Engineer: 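Below: one structure in structure tokens.
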Amino acid sequence: MATIVIDAGHGGYDAGAVNGSRYEKNDNLRMALAVGKRLENCGIKVIYTRSNDTFIPLLERSRISNNNNVDLFASFHRNSATSPTARGVETIVYTNASAKSRQAASDLQKALADVGIQSDRGVKTGNLSVLRETNAPALLLELGFISNDRDNQLFDSRFDAYADTIAASLAQSVGVNCNPGGGTTTPPTTPPSSGDATIRNIQQTLNSRYGAGLTVDGIWGPNSKKALIRALQTELNLTYGAGLSVDGIWGPKTTAAVRNVRQGARGNIVYLLQAALYVKGYRTTPDGIFGTNTDRQVRDFQRANGLSVDGIAGKSTFTKAFN
């Protein structure tokens, strides 16, 4: 059985960073427990360095991991800065980290960017005690700045999405395919409202990349839908020589031209798929990268639409998503 140590940073008299009545130690523990529960539901053994408001010395945290011969150590934190404009999510590994630590951190960072964060600060290195003294592959997640109001809003409003994404990514790093959301049969969010910023970005992209001529108003209507199909037809022609009429009408020839895309894929076709899912209420971040979260959203979409749940977007998935 795979084993992961979940380390909630700070605790007890060590509050960590503070913003008014908001203490980092509490946010860390809340997220750590939520992620741990999801991992346990996926059959992974979880060892907590703390499960309540208790101070645990740094070396003791590493000792807990080292004495249990675990597969991965994940430490949860919130960042802070004197400037309230500092924002975003970053993942830290030890200066001389193993390849497995770096890969786990990179996968986690990409997964969180996919689900939606204010700024992607990337993977960084540091000579931190809990990373340096831990034998297992180890990473430390800074899940937004507690000193930034928008990061705090995202932490609260997307808490479940973050917990699901973190658990899925950590599980994948120890070789476990995990769907922490439990296989819901409805979209994880309702379809976006009028004026939605992501829809405006999609409309701008369709205009700049494909000359769609859309009004950028954040309202997803028939013209935007037709432009999205035309964009996909254009990409199928460019990439596969499909010879489609770029008419914005989803017919049998467009269906036949679709190729399978899956986790690890990148490019404009992935972007258009993410956009199609987003406007239906699935939490993708259209960026052209088929990451962990996009895989989960595809599976949820397939499940909700009575399709084979394999995470592979093929003819049936594209047809349902674009119609």
Side-chain angles (χ1 to χ4, degrees), residues 1-8 31-49 61-76 89-94 96-115 122-123 125 130-141 143 160-184 260-266 270 283-284 289-300 302-303 308-313:
M1 177 185 291
T3 305
I4 296 177
V5 167
I6 296 296
D7 174 48
M31 183 58 71
L33 293 176
V35 171
K37 181 64 174 177
R38 286 160 168 78
L39 291 171
E40 289 169 340
N41 289 342
C42 289
I44 293 171
K45 181 179 178 180
V46 175
I47 298 173
Y48 299 91
T49 58
R61 297 168 190 261
S62 295
R63 187 194 67 79
I64 291 169
S65 177
N66 296 342
N67 286 352
N68 285 280
N69 192 30
V70 306
D71 298 289
L72 183 67
F73 177 97
S75 187
F76 291 78
V89 171
E90 65 190 38
T91 309
I92 303 172
V93 296
Y94 178 51
N96 297 320
S98 66
K100 188 168 183 180
S101 295
R102 293 176 185 274
Q103 187 63 57
S106 176
D107 289 345
L108 177 57
Q109 188 70 26
K110 289 176 182 177
L112 284 168
D114 200 17
V115 82
V123 176
T125 60
V130 292
L131 302 177
R132 182 183 64 247
E133 303 299 330
T134 298
N135 297 333
L139 58 85
L140 185 149
L141 174 64
L143 193 53
D160 288 333
Y162 287 159
D164 286 348
T165 299
I166 295 166
S169 183
L170 296 181
Q172 186 178 55
S173 294
V174 297
V176 177
N177 193 8
C178 176
N179 179 14
T184 57
N260 290 350
V261 293
R262 67 189 75 197
Q263 189 167 349
R266 292 170 176 254
V270 173
R283 288 193 193 98
T284 59
I289 302 170
F290 201 129
T292 303
N293 181 62
T294 298
D295 176 79
R296 184 163 61 256
Q297 304 308 322
V298 167
R299 291 174 188 271
D300 282 345
Q302 290 170 330
R303 187 176 293 108
S308 176
V309 182
D310 55 11
I312 301 171

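No experiment lies behind these values; they were computed from the predicted model shown.
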Engineer: Side-chain contact, heavy-atom cut-off 4.5 Å: Met31 with Ile6?
Structural biologist: no

Engineer: In terms of heavy-atom contacts, does NZ of Lys37 have more than 12 from other residues, nucleotides or ligands at under 6.0 Å?
Structural biologist: no

Engineer: Does atom CG (Asn67) have a neighbourhood of more than 12 heavy atoms from anything else shown, all under 6.0 Å?
Structural biologist: yes

Engineer: Decide yes or no for Asp7 and Phe73: does some side-chain heavy atom of the first lie under 4.5 Å from some side-chain heavy atom of the second?
Structural biologist: yes

Engineer: Quick check: closest heavy atoms across Asp310 and Arg299, and the distance to 0.1 Å?
Structural biologist: O-NH2, 3.3 Å

Engineer: Is the backbone of Ile312 close enough, under 3.5 Å, to the side chain of Gln302 for a donor and an acceptor to pair up by distance?
Structural biologist: yes

Engineer: Hey, does the side chain of Ser101 reach the backbone of Ala138 with a donor-acceptor pair shorter than 3.5 angstrom?
Structural biologist: yes

Engineer: Please tell me if the side chains of Leu72 and Lys100 come closer than 4.5 Å, counting only heavy atoms from C-beta onward.
Structural biologist: no

Engineer: Do Val261 and Val298 have side-chain heavy atoms sitting under 4.5 Å apart?
Structural biologist: no

Engineer: Shortest non-hydrogen contact from Ile92 to Leu131?
Structural biologist: O-CD1, 3.7 Å

Engineer: Quick one: does Thr3's side chain get under 4.5 Å of Ile47's, heavy atoms only?
Structural biologist: yes

Engineer: Assess the residue pair Arg38 and Asp164 against the criterion (side-chain contact (heavy atoms from CB on, under 4.5 Å)); give the C-alpha distance rounded to whole Å, side-chain angles, the decisive distance to 0.1 Å, and a yes or no.
Structural biologist: CA-CA 7 Å; Arg38 286 160 168 78; Asp164 286 348; 2.5 Å; yes

Engineer: Is any side-chain heavy atom of Val174 less than 4.5 Å from a side-chain heavy atom of Ile4?
Structural biologist: yes

Engineer: Quick check: does any side chain N or O of Arg266 sit under 3.5 Å from a backbone N or O of Phe290, one acting as donor and the other as acceptor?
Structural biologist: no

Engineer: Can you name the closest pair of heavy atoms from Ser65 and Val70 and give their distance?
Structural biologist: OG-CG2, 3.2 Å

Engineer: Could you tell me whether the side chain of Arg61 and the main chain of Ala8 form a donor-acceptor pair under 3.5 Å?
Structural biologist: yes

Engineer: Any luck finding a side-chain donor-acceptor pair between Gln109 and Thr91 under 3.5 Å?
Structural biologist: yes

Engineer: Are more than 12 heavy atoms, taken from residues, nucleotides or ligands other than Arg63, located less than 6.0 Å from that residue's CZ atom?
Structural biologist: yes

Engineer: With the side chain counted from C-beta on, respond yes when Tyr94 and Thr125 share a heavy-atom pair under 4.5 Å apart, and no when they do not.
Structural biologist: no

Engineer: If I compare all heavy atoms of Ala32 with all of Phe76, which pair ends up nearest, and what's the gap?
Structural biologist: CB-CD1, 4.2 Å

Engineer: Between Gln263 and Gly311, is there a donor-acceptor pair closer than 3.5 Å when you use the side chain of the first and the backbone of the second?
Structural biologist: no

Engineer: Please assess Ile166 against Leu143 for the test side-chain contact (heavy atoms from CB on, under 4.5 Å), listing each intermediate value before the final yes or no.
Structural biologist: CA-CA 10 Å; Ile166 295 166; Leu143 193 53; 4.2 Å; yes

Engineer: If we ignore angles and hydrogens, is there a donor and acceptor under 3.5 Å between the side chains of Arg296 and Asn293?
Structural biologist: yes

Engineer: Backbone N or O of Thr134 within a donor-acceptor pair of the Asn66 side chain at under 3.5 Å?
Structural biologist: no

Engineer: Does a side-chain N-to-carboxylate-O contact under 4.0 Å join Asp107 and Lys110?
Structural biologist: no

Engineer: Taking all atoms of both residues into account, what is the closest heavy-atom pair of Ile44 and Ala2, and its distance?
Structural biologist: CG2-O, 3.5 Å

Engineer: Kindly say whether Ile64 contributes a backbone atom to a donor-acceptor pair with the side chain of Asn68 at under 3.5 angstrom?
Structural biologist: yes

Engineer: Please name the pair of heavy atoms, one in Leu39 and one in Ala167, separated by the smallest distance, quoted to 0.1 Å.
Structural biologist: CD2-O, 3.3 Å

Engineer: For the residue pair Val5 and Thr49, establish whether any side-chain heavy-atom pair is separated by less than 4.5 Å.
Structural biologist: yes

Engineer: Looking only at side-chain N and O atoms, does Asn177 offer a donor or acceptor that is under 3.5 Å from a partner on Gln172?
Structural biologist: no

Engineer: For the backbone of Thr165 and the side chain of Ser169, can you confirm whether one donor and one acceptor N or O come within less than 3.5 Å of each other?
Structural biologist: no

